[in-house]
Amino acid sequence: MKCIFCGYDDSKVIDSRSSEDGNAIRRRRECLQCGKRFTTYETIEDTVLLVVKNNGTRQAYDENKVRNGIIKACEKRPVSSAKIEQMVNFVSRTVYNTYDREVPSHEIGELVMAQLKDADEVAYVRYASVYRKFTDVSSFMEELQKLIDNKEAKK
């Protein structure tokens, strides 16, 4: 590792420990030429996963968009922030484990809907109404009927 003070190419590691969030390793180093100490961080290199939108455009996968959608659907509902984070983590893990470089946006939407269906039916219907672009009451009622039928089948 190059010294930030003198530019020398070699240094020794004095101390290594995990960062507070556990996503990096903090290393305390000492330059072998000038003797000054500095800190470096080692992190996992993220691969860029692109979301293919319905119109064919692509943009980087953003976990915050998933989180914001779930939060909006769960607004004023008895869904804890821990449960929301659990759903976000599940969707992100599934997307990264299933797709290498590109994921269709509808796959992310379906994963979110499946999580919301298990967590809170009202939040699920809210999300579905935006995601499925209900244009009238009959399409909304069809989705509600599917939900009711599914609930009765489980009993």
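If you're wondering where the values come from, they're calculated on a predicted model, not measured in any experiment. If you read the sequence from its start, that first residue is 1, and numbering goes on from there.
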Let me have the donor-acceptor pairs involving side chains of residues 79-86, under 3.5 Å, with sequence neighbours excluded, atom names and distances please.
{"residue": "S80", "atom": "OG", "partner": "K83", "partner atom": "N", "Å": "3.0"}
{"residue": "E85", "atom": "OE1", "partner": "R67", "partner atom": "NH2", "Å": "3.1"}
{"residue": "E85", "atom": "OE2", "partner": "R67", "partner atom": "NE", "Å": "2.6"}

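Linking ILVMFWY residues whenever their side-chain heavy atoms come closer than 4.5 Å, directly or via other members, leaves F38 and V13 in distinct clusters. When hydrophobic clusters are built by joining Ile, Leu, Val, Met, Phe, Trp and Tyr residues whose side-chain heavy atoms come closer than 4.5 Å, directly or via intermediates, I148 is not grouped with Y124. When hydrophobic clusters are built by joining Ile, Leu, Val, Met, Phe, Trp and Tyr residues whose side-chain heavy atoms come closer than 4.5 Å, directly or via intermediates, V125 is grouped together with M141. Hydrophobic clustering, with ILVMFWY side chains joined whenever heavy atoms are under 4.5 angstrom apart, keeps I4 apart from L32. Under a hydrophobic clustering in which Ile, Leu, Val, Met, Phe, Trp and Tyr are joined whenever their side-chain heavy atoms come within less than 4.5 Å, directly or via other members, F90 and V88 fall into the same cluster.
Nearest approach of E102 to L49, heavy atoms of both residues: N-CD1, 3.8 Å. Scanning both residues, Y127 and A73, for their nearest heavy atoms gives CB-CB, 4.0 Å. Residue H106 comes nearest to Y131 through the heavy atom pair O-OH, 2.8 Å, listed as atom of the first residue, atom of the second, then distance.
Atom OG of S18 sits about 9.5 Å away from atom CG of N23, to the nearest 0.5 Å. Atom CG in D120 sits 13.0 Å away from atom CD in Q115 (nearest 0.5 Å). From L111, atom CG reaches atom CE of M113 across 10.5 Å, with rounding to the nearest 0.5 Å. We find the CZ-CZ distance between R101 and R58 to be 13.0 Å, quoted to the nearest 0.5 Å.
Contact annotation: the side chain of C31 never approaches that of D10 to less than 4.5 Å [non-hydrogen atoms, C-beta and beyond]. The shortest side-chain heavy-atom distance between V112 and M87 does not fall under the 4.5 Å cut-off. Annotation: side chain of V91 is not in contact with side chain of E63 (no heavy-atom distance under 4.5 Å). At least one side-chain heavy atom of V95 sits under 4.5 Å from a side-chain heavy atom of I108.
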#### Entry: Candidate pair V51 and K65, rule side-chain contact (heavy atoms from CB on, under 4.5 Å), full reasoning
CA-CA 12 Å; V51 177; K65 283 188 173 188; over 6 Å; no

### Task
Check the pair E107, Y99 against side-chain contact (heavy atoms from CB on, under 4.5 Å), reporting the backbone distance first and the verdict last.
CA-CA 10 Å; E107 292 292 331; Y99 299 93; 3.1 Å; yes

### Task
Could you walk me through whether V52 and S105 pass side-chain contact (heavy atoms from CB on, under 4.5 Å), step by step?
CA-CA 6 Å; V52 181; S105 61; over 6 Å; no

#### Entry: Trace of the side-chain contact (heavy atoms from CB on, under 4.5 Å) decision for Y96 with Y61
CA-CA 10 Å; Y96 276 106; Y61 174 77; 3.8 Å; yes

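For S92 (side chain) and N89 (main-chain N/O), no donor-acceptor pair under 3.5 Å exists by modelled atom type.
Around atom CG of D100, no more than 12 heavy atoms belonging to other residues, nucleotides or ligands sit under 6.0 Å away.
Counting only residues at least two apart or in different chains, side chain to side chain donor-acceptor pair (under 3.5 Å) contacts with residues 31-43 comprise R27-E42, R28-T39, R29-T40, E30-R37.
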